[in-house]
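Just so we're on the same page: letters track the sequence lines, and every chain starts at 1.
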Amino acid sequence: MEHGHSEKGGHIVSYGTFIGVWLALLMLTALTVAVSGVDLRRLSVLTALAVACIKTSLVLGIFMHLKYEDRIFKVMFLVVVVTLAIFIGLTFTDTTLAR
Amino acid sequence: MSQTATPGSGGQAVLREAEHHFDYTGRKLGMWLFLFTELLLFGGLFIAYAIYRHVNFADFHVAAKDLDLVLGTINTVILLTSSLTMALSITAMQKGNRKLAVWLVVLTVLCGLAFLIIKYFEWTAKISHGIYPASPELMKLPPGEVRFFGLYYAMTGLHGLHVLIGMVLLIVMAVVIARKPFRVHSFRLDDADETMAGARPAIVDGDGKPLWKGGIIDENVEQVSVVVRLKPGPQTIHPSDYVSLENAGLYWHLVDIIWIFLFPLFYLIT
């Protein structure tokens, strides 16, 4: 039953997988706090956001079972991310180009 | 939902429960759609943050130094741990371990409470220093720092509200799981009066060997029905027993994800 499909129901993720993901999340948190002490100028916010994105994909994929869901869930999520990216991108063309 | 009983061979009635319409994927899809609207709601605030930070780059760095990095980090660890217990509770429920699932949900709620208590101390410390929206103290600061704290209160406030709503949802779920002892299926034999008079109900195993026999069905019996009570356990657990818990969990994880972004953007940009 470790990675079996219950009848019409959801995928069962083992306790061990979840604990492993949790440990990875804690290590990434420690990493991002440690790196914040180092002065990397504009790069520091990018590393912080990169770590946040890795943490988010772990939570989304494993904790929220998105990795094991039907393709429609992933496509919909992608649509939301692209929509947000378009909004952020267009807003920034305004602040950086219209000066 | 309707049950039908069709007469089988040898006077036996064959019980068949009509297909119970339960759309597992649909229930989760609905929750995800709601989560996407939440993402766009917070997305708007993150855009506001990005623009103001771009315009007030230096002020944001100075203002972020006023936030307590230790408390922020502790809260991050608490929320990540609460997400773990939430995820574990669903595996426990899927494996039919109801008791463990309830305790893990309770643990998740307690983590949420700890988060809010720490947040309360953070906010009151700021407010006692005169830093709260539109305070005279705050208005003396450069406009960039005013914007930083405005966004800080708006975004962590809205996030805290989500934590509170998530806790209420999870308390409800814990009660629902703990109190839902049986799934009851009732089968009524409609034509019992004609075909079953003088018969004796029995439970038989795969080979037709009787495991249990009831009394004679005489003319006084007006209705024969079979009631099956299933306690969710390793063998009988059904997706309908845990899909609501899964949806509440999805909400909780979303709240965690938002904090994953709030934490570096407010605490780590010094």
Side-chain angles (χ1 to χ4, degrees), chain A residues 1 4 6-15 17-19 21-23 25-26 28-30 32-33 35-37 39 42 44-45 47-49 51-60 62-66 69-70 72-73 76-77 79-81 83-85 87-88 90-92 94-96, chain B residues 22-25 28-29 32-33 35-37 39-40 42-44 46-48 50-51 53-55 57 69 72-73 76-77 80-81 83-88 90-92 94-95 234 237-243 246 249-250 252-254 256-258 260-265 267-270:
Chain A
M1 284 292 269
S6 61
E7 178 218 342
K8 278 203 298 179
H11 181 95
I12 299 179
V13 184
S14 70
Y15 295 124
T17 306
F18 281 144
I19 290 168
V21 167
W22 174 66
L23 288 174
L25 287 169
L26 290 186
L28 285 167
T29 305
T32 193
V33 172
V35 167
S36 76
D39 186 19
R42 291 247 166 187
S44 58
V45 75
T47 43
L49 284 179
V51 172
C53 285
I54 298 169
K55 285 165 80 177
T56 298
S57 51
L58 281 173
V59 173
L60 269 174
I62 315 293
F63 279 178
M64 295 173 88
H65 291 210
L66 190 61
E69 295 290 1
D70 294 345
I72 178 84
F73 288 82
M76 278 178 12
F77 181 73
V79 169
V80 173
V81 171
T83 308
L84 258 182
F87 275 125
I88 293 171
L90 285 179
T91 318
F92 266 92
D94 198 35
T95 52
T96 50
Chain B
F22 167 69
D23 186 354
Y24 177 75
T25 309
K28 281 179 93 173
L29 205 61
W32 276 98
L33 280 171
L35 294 190
F36 294 151
T37 69
L39 278 181
L40 292 174
F42 277 95
F46 278 114
I47 292 173
I51 298 299
R53 187 181 133 88
H54 184 80
V55 177
F57 192 71
L69 178 61
T73 309
T76 305
V77 171
L80 290 175
T81 307
S83 260
L84 169 72
T85 54
M86 186 68 241
L88 289 177
I90 284 155
T91 296
Q94 284 173 324
K95 291 186 172 182
I237 192 81
H238 184 267
S240 63
D241 294 325
Y242 56 77
V243 68
E246 275 194 283
L250 286 175
W252 191 259
H253 293 307
L254 176 93
D256 187 23
I257 286 176
I258 289 161
I260 285 175
F261 282 97
L262 288 179
F263 173 62
L265 292 179
Y267 293 82
L268 297 181
I269 57 160
T270 47

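Residue Ile237(B) does not touch chain A at all, counting heavy-atom pairs closer than 4.5 Å. For a residue to count as touching a neighbouring chain, one of its non-hydrogen atoms must lie under 4.5 Å from one of that chain's; by this rule Ile72(A) touches chain B with the side chain only. When heavy atoms are compared at a cutoff of 4.5 Å, Thr76(B) approaches chain A solely by way of its side chain, counted from C-beta outward. Proximity to chain A involves both the backbone and the side chain of Ser83(B), based on heavy atoms less than 4.5 angstrom apart. Only the side chain of Thr29(A) comes within less than 4.5 Å of a heavy atom of chain B; its backbone N, CA, C and O stay farther away.
Among all heavy-atom pairs drawn from Ala87(B) and Phe18(A), the shortest one is O-CE1, 3.3 Å. Contact detail for Met64(A) and Leu35(B): the closest heavy-atom pair is CE-CD1, 3.7 Å. Looking at every heavy atom in both residues, Met76(A) comes nearest to Leu29(B) through CE-CD1, 3.8 Å. The two residues Phe36(B) and Phe73(A) come nearest to each other via the heavy atoms CZ-O, 4.4 Å.
Residues Leu84(A) and Phe46(B) are not in side-chain contact: their nearest non-hydrogen atoms beyond the backbone lie 4.5 Å or more apart. Considering only heavy atoms from C-beta on, Arg53(B) comes within 4.5 Å of Val45(A) through its side chain. A 4.5 Å side-chain heavy-atom check between Val33(A) and Phe263(B) finds at least one atom pair inside the cut-off. Proximity of Glu246(B) to His65(A): side-chain heavy atoms (C-beta onward) are separated by under 4.5 Å at one or more points. Contact annotation: the side chain of Ile47(B) never approaches that of Phe92(A) to less than 4.5 Å [non-hydrogen atoms, C-beta and beyond].
Remark: Lys95(B) is positioned above the aromatic ring of Tyr15(A), its terminal NZ or CZ atom under 6.0 angstrom from the ring centre and at most 45 degrees off the axis.
The candidate from Leu268(B), Leu33(B), Leu39(B), Val243(B) with the greatest count of non-hydrogen atom pairs under 4.5 Å with chain A is Leu268(B). Counting heavy-atom pairs closer than 4.5 Å to chain A, the top residue among Ala92(B), Gly72(B), Gly43(B) is Ala92(B).
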